[in-house]
Number of protein chains: 2
Amino acid sequence: MKLLVVEDDPTTAQFIARGLGEEGHSVDCLDNGRDALARALATAYDVMVVDRMLPELDGLSLVRALRAAHVTTPAIFLTSMSGVDDRIDGLRAGGDDYLVKPFAFGELSARIEALGRRPPMQETETVLKAADLEMDLVRRTVTRAGRKIDLLPREFALLEHLLRHKGRVQTRTMLLESVWDINFDPQTNVVETHISRLRAKVDRPFDKELITTVRGAGYRIGD
Amino acid sequence: MKLLVVEDDPTTAQFIARGLGEEGHSVDCLDNGRDALARALATAYDVMVVDRMLPELDGLSLVRALRAAHVTTPAIFLTSMSGVDDRIDGLRAGGDDYLVKPFAFGELSARIEALGRRPPMQETETVLKAADLEMDLVRRTVTRAGRKIDLLPREFALLEHLLRHKGRVQTRTMLLESVWDINFDPQTNVVETHISRLRAKVDRPFDKELITTVRGAGYRIGD
DNA sequence: CGTTCGCCATGAAACTGCTCGTCGTCGAGG
DNA sequence: CCTCGACGACGAGCAGTTTCATGGCGAACG
């Protein structure tokens, strides 16, 4: 499993990293919240182990920020405080478990295994909406104003991405990366093309346009 | 943020420049180390993105030279070699991070944000305010007194700069440099023109004027 | 073979920088 | 203290350039 450990105390960090490494996991270690945020946004981890108290950006804020960006990687908080309130805070922020320091390594290991095996995408959100547009991710259907809309796979993926970031501008580059998995190749206008096709089905037959062009930046849906 | 990209492959360079531009950064692009050295010595950049292999002067030597001249601008190396030794060389030369090609753009972006040591973007929702005026950088929207205002890209960039330096006078030269990327003063009054357009949208429809003229100096917003 | 997708070429629209005429402000001289 | 000239600021309109939208075509895929 691919794990991220965020812990500022070098002794603890090394202790954890070493132990998990010996169990055959791939472990990345960082000592502050800011770097961890950047890393976790860029890389897909199975589980994160996060200290509550961190320099730059504390563990709670870190996980909140990740959740806001739709990163659902399970998190285990390490905390030296044992109050119940802290625990609640942690879970509310989207963390999935917590451990009070000092802890037995075996316990940490067991919880990581448990979380890692958990079916991912536990996000109960299977329907995305914007105004009168609805997308059902399970049925793979899209309707607007009650009328069914047929989308090709690529169009569906594109619309899904826009809806998942409703209200926020998505740059061409972001779309290329997350919908097309393309890392280079600016010499193409696939995005424009598919936006056009999407609009033909989603916007043109209706009154109000939902997909907005933000010149010089990208596209946005809703709001 | 003001960024310098040094990359000799035009495709990659354009890809990077475009992506970062879409995120609202000001990007300068050069294709060889010698020019980059000169430029980086003359201009204050927030972060540099440097290819390891460059004509004239390779990336490693470039950064070493800069460090010798006490230029501490953080650098990210791009390398097609994945050996650990190369990484170590890079870090030893004063580079702050490295990326192996091919890389995901999001990763580059995240690292640039991290290195730019901008006071942490906590909730990924960056909003600039002045009185009843609000600018949401993620949504790319501007509202005043609850009413939505549509701005053109250049107007948006201009207002953003003013807001980032709220209360401080911004001279024409400063604005030309950071909003227009112009370092010498051509006999132009673009600034006045765009200030005027901005006012027409942001100030005129409302009671109180927010954008102040400081005769003989420049412009200021708020306070 | 039909569907889907990416690319190209074309046309349309948006954006931006400039010019230019007017207006307001400041300072010097009467 | 008033007048006049100079300079900067302002804003409308115009035209070049860039960006975006869209229809058609061929390749890939099953």
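Residue numbers begin at 1 in each chain, while the letters A, B, ... track the order of the sequences.
- Across all strands shown, B/Arg197 has heavy atoms under 4.0 Å from base atoms, whether or not it also approaches the sugar-phosphate.
- Nucleotide C/dA14 holds its C1' atom 17 Å from the CZ atom of B/Phe156, rounded to whole Å.
- A salt bridge links B/Glu22 with A/Arg172: at least one charged nitrogen is closer than 4.0 Å to a carboxylate oxygen.
- Each of D/dG8, C/dC20, C/dC7 was ranked by its minimum atom distance to the side chain of A/Thr193; first place goes to C/dC7.
- Contact annotation: A/Trp180 does not reach the phosphate of C/dC5 (side-chain N/O to OP1 or OP2, under 4.0 Å).
- Taking only side-chain nitrogens and oxygens, B/Arg199 never comes nearer than 4.0 Å to OP1 or OP2 of D/dA9.
- Using a cut-off of 4.0 Å between Lys/Arg side-chain N and Asp/Glu carboxylate O, A/Lys2 and A/Asp46 are scored as not salt-bridged.
- For B/His194, taking side-chain heavy atoms from C-beta onward, the closest of the listed nucleotides D/dT22, C/dG17, C/dG6 is C/dG17.
- One can place CD1 of B/Ile211 at 10 Å from P of D/dC10, the figure rounded to the nearest angstrom.
- One interatomic measurement links the two molecules: CZ of A/Arg154 to P of D/dC29, which rounds to 13 Å at whole-angstrom precision.
- For A/Ser196 and D/dT22, the shortest distance from a side-chain N or O to OP1 or OP2 is below 4.0 Å.
- To the nearest angstrom, C1' of D/dG11 lies 14 Å from NZ of B/Lys201.
- Side-chain proximity of A/Arg204 to the nucleotides C/dG6, D/dT22, D/dC10 is greatest for D/dT22.
- Taking the six-membered ring for Trp and thresholds of 30 and 60 degrees, B/Phe103 and B/Phe15 have ring planes inclined between 30 and 60 degrees apart.
- Put simply, CG on A/Leu152 is 17 Å from P on C/dG2, counting in whole angstrom units.
- Geometrically, A/Arg147 engages A/Phe206 in a cation-pi contact, judged by NZ or CZ lying under 6.0 Å from the ring centre and within 45° of the ring axis.
- When the options A/Arg197, A/Arg144, A/Lys208 are evaluated for a salt bridge (Lys or Arg N to Asp or Glu O under 4.0 Å) with A/Asp203, the one that passes is A/Arg144.
- Interface remark: the A/Arg215 side chain does form a donor-acceptor pair with the D/dT19 base, using a distance-only criterion of under 3.5 Å.
- Remark: B/Tyr219 is in phosphate contact with D/dC10, judged by side-chain N or O atoms under 4.0 Å from OP1 or OP2.
- Atom CD in A/Glu155 sits about 10 Å away from atom P in C/dG6, given to the nearest Å.
- Taking only side-chain nitrogens and oxygens, A/Thr188 comes nearer than 4.0 Å to OP1 or OP2 of C/dC7.
- Nucleic acid contact class of A/Glu192 (heavy atoms, under 4.0 Å, all strands): base.
- In this structure, A/Leu198 atom CG and C/dG6 atom P are separated by 13 Å, rounded to whole Å.
- At whole-Å resolution of the value, CG in A/Leu158 and P in D/dA21 are 12 Å apart.
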